[in-house]
Asks: 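Got a structure for you, questions after.
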Amino acid sequence: MSAVGAAVRAIRAHDGSRCGELPPWCWDGGVNALLDPILRWYDAHARDLPWRRPEASAWSVMVSEFMLQQTPVARVLPVHAAWLERWPSPADLAAETTGEAVRLWGRLGYPRRALRLHAAATAIVADHDGEVPSSYDALRELPGVGDYTASAIAAFAFGQALPVLDTNVRRVHQRVLRGTEFPSDSVRAHERRDAEQLLPDDPATAASWSVAVMELGALVCTARTPACEECPIAGQCSWRAAGYPAYDGPPRRGQAWDGTDRQCRGRIMAVLRGSDEPVHATRIEAVWPDAEQRERCLASLTHDRLVVQVSPTTWALP
DNA sequence: AATGCGTGGGA
DNA sequence: TTCCCAAGCAT
């Protein structure tokens, strides 16, 4: 992907045009016309988040990106602070048990992320001399690091010019450029082309642009009830200009919860997190009466290495 | 490519 | 109250 991006920008720089599928108003003398208003808005309205401060380490950025995968900022803030205080470097975390990582993960949800972050820290110590790698490709090889997270760390921790396509950026692009309310369920090729073409060439400006668009999506161009009156590019928004047509794509994926294995696993994990000692089976039975499902979930949690069976009747964090 | 994976807050 | 969804990843 990074190689493709470099090629696209090289071609663009060579012929001096922003050839592509984007509306012509996107360009003002060959420059992204959305850049100035969005950067100005960001300057005035950005939240002061620990992982965005100049002194934030790459490790701090990386921890935040793991925690922010599907979890809102407000809930990440206290856990991120606790992690960075306890494990200021990848080596500090790698020296810890995975069980402690899961315990300090607390109720952020999707605790497999805690295991992957621990595994990533271990790999960083083993393969990168304990320093968070800066290249997209090296980051992408770490457990739990997909396209978004690799791009985000490379851009925000190391100032590289990589497109960052998270759910916020995708929604902003879809509305402004494509005139519809929501993007598809998976990232399409045209979205990458859009992001590549809008990305400023200067690395520092590119990183600022990416975080600013993300913030705009998080605070103004929200999924529900967007605050268009506060939007710096409302006048250029295709969705707004079209009269906010309602979403008419395929049904968006919702997640069942009541009675699911995920709920059962969550209950079991909550019990184990709350105990420093192995927990007797009766305490697990107390939170999930259905024996068949309980056993299935205990087995899947064991398979995931989120729990270990300590004795025939007791369970614990690994 | 479709599905499974936690949790809690806001509309 | 119910529903929606929040900086995704792995399989």
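In the text below, chain A, chain B and the rest are named by the order of the sequence lines, each starting its count at 1.
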Asks: Would you say the side-chain atoms of Glu181(A) and Trp239(A) include a donor-acceptor pair closer than 3.5 Å?
Replies: no
Asks: Can a side chain N or O of Arg273(A) be found less than 4.0 Å away from OP1 or OP2 on dT7(B)?
Replies: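 Answer is yes, contact under 4.0 Å.
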Asks: Using the P atom as the point on both nucleotides, what is the distance between dA11(B) and dA7(C), in whole Å?
Replies: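 Taking atom P in both dA7(C) and dA11(B), they lie 14 Å apart.
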Asks: Determine the Euclidean distance between corresponding P atoms of dG6(B) and dC3(C); express it in Å to zero decimal places.
Replies: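 One P to the other, the span is 22 Å.
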Asks: Starting from P on dG4(B), measure out to CZ on Arg296(A) and report it in whole angstrom.
Replies: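 Going from Arg296(A) (CZ) to dG4(B) (P), I get 11 Å.
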Asks: Determine the interatomic distance between C1' on dA1(B) and the same-named atom on dG8(C); round to the nearest Å.
Replies: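 To the nearest whole Å, 16 Å.
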Asks: On a whole-Å scale, what distance lies between the C1' atoms belonging to dC5(B) and dA6(C)?
Replies: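 One C1' to the other, the span is 14 Å.
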Asks: Round to the nearest Å and state the distance from Asp185(A) atom CG to dG4(B) atom C1'.
Replies: 15 Å
Asks: Check for me whether Arg171(A) meets the cation-pi criterion with Phe182(A), that is, NZ or CZ under 6.0 Å from the six-membered ring centre and within 45 degrees of the ring axis.
Replies: no
Asks: Rounded to the nearest Å, what distance is computed from the CH2 atom of residue Trp257(A) to the C1' atom of nucleotide dT7(B)?
Replies: 6 Å
Asks: Spell out yes or no: do the side chain of Arg262(A) and the base of dG4(B) have one donor N/O and one acceptor N/O closer than 3.5 Å?
Replies: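 No.
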Asks: Which atom names give the shortest non-hydrogen contact between Ser184(A) and Arg170(A), and what distance separates them?
Replies: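 Shortest heavy-atom separation between Ser184(A) and Arg170(A) comes out as O-NH2, 2.8 Å.
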Asks: What are the two closest heavy atoms between Ala58(A) and Phe158(A), and how far apart are they?
Replies: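 Reported closest heavy-atom pair: CB-CZ, 3.6 Å.
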Asks: Is the closest side-chain heavy-atom distance between Thr149(A) and Leu139(A) below 4.5 Å?
Replies: no
Asks: Can you tell me if Arg175(A) and Thr180(A) form a side-chain donor-acceptor pair at under 3.5 Å?
Replies: no
Asks: Leu306(A) CG to dG6(B) P: how many Å, rounded?
Replies: 7 Å
Asks: Could you state the atom-to-atom distance from CZ of Phe66(A) to C1' of dG6(B) in whole Å?
Replies: 17 Å
Asks: Across nucleotides 6-11 of chain C, 5' to 3', mark each nucleotide with B, S or - according to how protein heavy atoms within less than 4.0 Å reach it.
Replies: BBBSS-
Asks: Measure from the ring center of Trp83(A) to the ring center of Trp105(A) and say whether it is less than 6.0 Å.
Replies: yes
